[in-house]
Amino acid sequence: MLIVDLVQSIVDGLLFGATYALIGIGFTLVFGVMHKINMAYAAASVGAAYAALRLIALIGGPAWASLLIAAAAGGVFGLIIYWLCFRFIPLSNPLATLMSTVGMFLLAEEIIVHTTDGMPQNYPVVVRGILDMGEFMIRGDLVFVFVCALLAMVVLLYLLYRTKLGIATRAVSQQPVAAQLVGIRLNHINALTFIVTGMLGGFAGALIGSAVGLLSPLLVIPLTIKGLIVTVIGGLGSIPGAIIAGLLVGMAENVFQYFRGVTERDIYVMLLLFVFLVFRPGGIFSNTVKRD
Amino acid sequence: MLDVQDIVTAYGKIEALKGVSLAAAEGRITCLLGPNGAGKTTLMYSIAGVLKPRRGAIRLGGVDITGQSPSAIVARGLALVPENRLVFPQMTVAENLEAGAYQRRDAAEVAVDIERMYARFPRLKERRTQLAGTLSGGEQQMLAVARALMSRPRILLMDEPSLGLAPLIVEEIFRIVGELNKDGVTIFLVEQNVHMALKVAHHFYLMEQGRVTFSGEPGKLAEDEVIQRAYLGTSRQASSHKTG
Ligand SMILES: Nc1ncnc2c1ncn2[C@@H]1O[C@H](COP(=O)(O)OP(=O)(O)OP(=O)(O)O)[C@@H](O)[C@H]1O
Ligand SMILES: [Mg+2]
C-alpha cells in the first residue's frame, strides 16, 4: 500500500526530526547571541553521547541515564569550545571563529575515531516496542525520542522566556550594547549559551543513539550538515523556525528515502536547502514585521 | 559626582576625544552641546565603560572607574540612556523594564519600581505587553529612560533624548528630566535641542571636534551663539572663552 507506507515514513520522519530540531536550535541560539556559527557543535554533541556511553560502560547504570550524562557532558564540551574557540579569538574577524571551530570539529572527530577504532558502538535503547495501529505502526523508540526532544524544548523556552537569565540572553542577542548598559556581562551570557546549547546537543546526540541503536563517527558530518540546513531553513537565530525546520527536514529525508532510497536521499535534502536559499533565504518565518 | 579628566578615546587611529575634561555636579543638570561628530556619544560610551579611553581618568563619586566594565559601572549607580534609544525590540515593554533591573536582587522592590515607571509613563503601562520594536519613537524614548531608571541610578546620562521627536514629546521628556532631578538624580545630558537644554541646565559645556571649547552657566553665552557653535561648530575665532 503506497499511501500507508508514505504516511508511515512521514510520521517516522517527523518523530526523528525532533532531534534535528534540537541540533538546529543549538546552532541558531549561538548565532543569535554571538552572530557566529559553531561548526564543532554537532561533533561535540555526538562526542557527548559517546562520553555517556563510556561512562555507563564503566560504572553501569540504566539506559535512560545515558541521556542525562550526555547532556551534562555536552554542557562541559560547550564551555570548553567557548573558551578555546571564542573567548580569546578576535570576534571582529568573521573567519577566525569559523576556523577555530572547524579545527575543533576535526579534533572531536579524531578523538571519537581513535577511542573507538572507528567502529560503530551499540547504544543503550531506552524504549522498545511497537504500537500496532492496524494499517500502520508507531515505533515506541521514535515516540520516546520525540517526547524527550519536546520536553527539552519546553525547558529551553521556559528558561528563555520566563527567567531573568533568559531575558538577559535575549537582550544580548537583540541589542548587545544596551544589554551591557543595563549591566549584563556579555562573556557570562555567551558562556551560558554555550553550556545550555551544549547540553541540548548532548541530549540530542544520546536520543539519536538510542533511536538508531548505535553510534558511529560517520554520524558527525551528516548531523553537522543537517543541523546547518535546519538553521538556514528555520532562519538564522529563530528558535520556532529551527523547530519547524527540524521536523520538516526529518520528514523530507524519510519521504525522499522512501521514493529514492537511502543512498540518494541526502541529495534531495540538499536540493531542499537550495530551494530555500533561492526563494526564502531568510527562512520559513522571514516575513515577520520588524520596526526600529 | 562625575569627574572626567583629560580622556582620549580613539577608533583605530582616529582620536574622537582628544583630551576631554568636564564634570557633572551632584544634584544638578549638566548639558553637553556640540555639532554632529563632535564626539559626544563617544564620550558617553567612554564614561559608561562601553568604550575604553586610551588616556585620562574618570571618577564617579570620588572612585576611579576608568576602564571598568559597564556592569561594574552600572553597579556603582550610573545609567546611560543611549543615543537612538536601543530598546530590546523583540521583548515586551515589561521585559525591557525587567532587563533594566538585571543587577538587582530585590524582586519585590523591582516590581514596585516597575509600577512607579508605569505611573510616570502611562503610555508604557497601556503598552506593557507590546513588543518594544513596535512602539513609536517617543514611546521608545520613554521606555529607554524608564529602563535606565530601573537600575536606580544616582546619575543618569542621556544621549540626545529628543532626537527625532515631535515638540510635544520633547517637552514631555524635558519635564521628566526636571522631575527626576528634583527627586535627587544627577543628570548629564547630551542635546542638540539648544533651547530646551539651556532652559533646564544648571551648567553646560560645548564640545567641538573632540575637545571641550566652552564651559559655563546658561546666560553666560547668548543662545544664538551657542546655537551657532553647537550646530555649525564655528568657534575658532571665539576661543577666548576656552576653558580646560
Ligand atoms: N564606531 C566608529 N568607528 C569609527 N569612527 C567612529 C565610530 N563612531 C564614531 N566615530 C567617529 O568619531 C567621531 C565622533 O563621533 P560621535 O558619535 O561621538 O559624535 P557625536 O558628537 O555623538 O555626533 P552626533 O551629534 O551626530 O551624535 C566622528 O567623527 C565619528 O565619525
Ligand atoms: Mg551622538
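Treat the numbers as computed from the prediction; the structure is a model and nothing was measured. Proteins get letters first, then strands, A, B, ... in listed order; numbering begins at 1 in each.
- Scanning all heavy atoms of the two residues, the minimum distance from B:Q103 to A:G183 falls at NE2-O, 3.2 Å.
- Shortest non-hydrogen contact noted between A:V182 and B:Y102 is O-CB, 3.9 Å.
- No side-chain heavy atom of B:E98 sits under 4.5 Å from any side-chain heavy atom of A:K164.
- Between the side chain of A:Q175 and the backbone N or O of B:L86 there is no donor-acceptor pair closer than 3.5 Å.
- Taking OG1 of B:T92 as the reference point, atom CD1 of A:I167 lies at 7.5 Å (rounded to 0.5 Å).
- Residue B:V87 touches chain A through its backbone alone, counting heavy-atom pairs closer than 4.5 Å.
- With a 4.5 Å cut-off on non-hydrogen atoms, B:R104 touches chain A through its backbone but not through its side chain.
- Using a 4.5 Å heavy-atom threshold, the side chains of B:V74 and A:L181 count as separate.
- B:S69 OG to A:I184 CD1: the interatomic distance, rounded to the nearest 0.5 Å, is 12.5 Å.
- There is no contact between B:A148 and chain A, counting heavy-atom distances below 4.5 Å.
- The neighbour count for A:F279 CZ, taken as heavy atoms of other residues, nucleotides or ligands under 6.0 Å away, does not exceed 12.
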Step by step, work out the side-chain contact (heavy atoms from CB on, under 4.5 Å) result for A:R170 and B:Q90.
CA-CA 8 Å; A:R170 286 186 291 143; B:Q90 306 281 77; over 6 Å; no
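- With a 4.5 angstrom heavy-atom cutoff, A:L186 does not touch chain B via any of its atoms.
- Proximity of A:V177 to B:Y45: side-chain heavy atoms (C-beta onward) are separated by under 4.5 Å at one or more points.
- Within a 6.0 Å radius of OH in B:Y11, other residues, nucleotides and ligands contribute more than 12 heavy atoms.
- Neither the backbone nor the side chain of B:A79 comes within less than 4.5 Å of any heavy atom of chain A.
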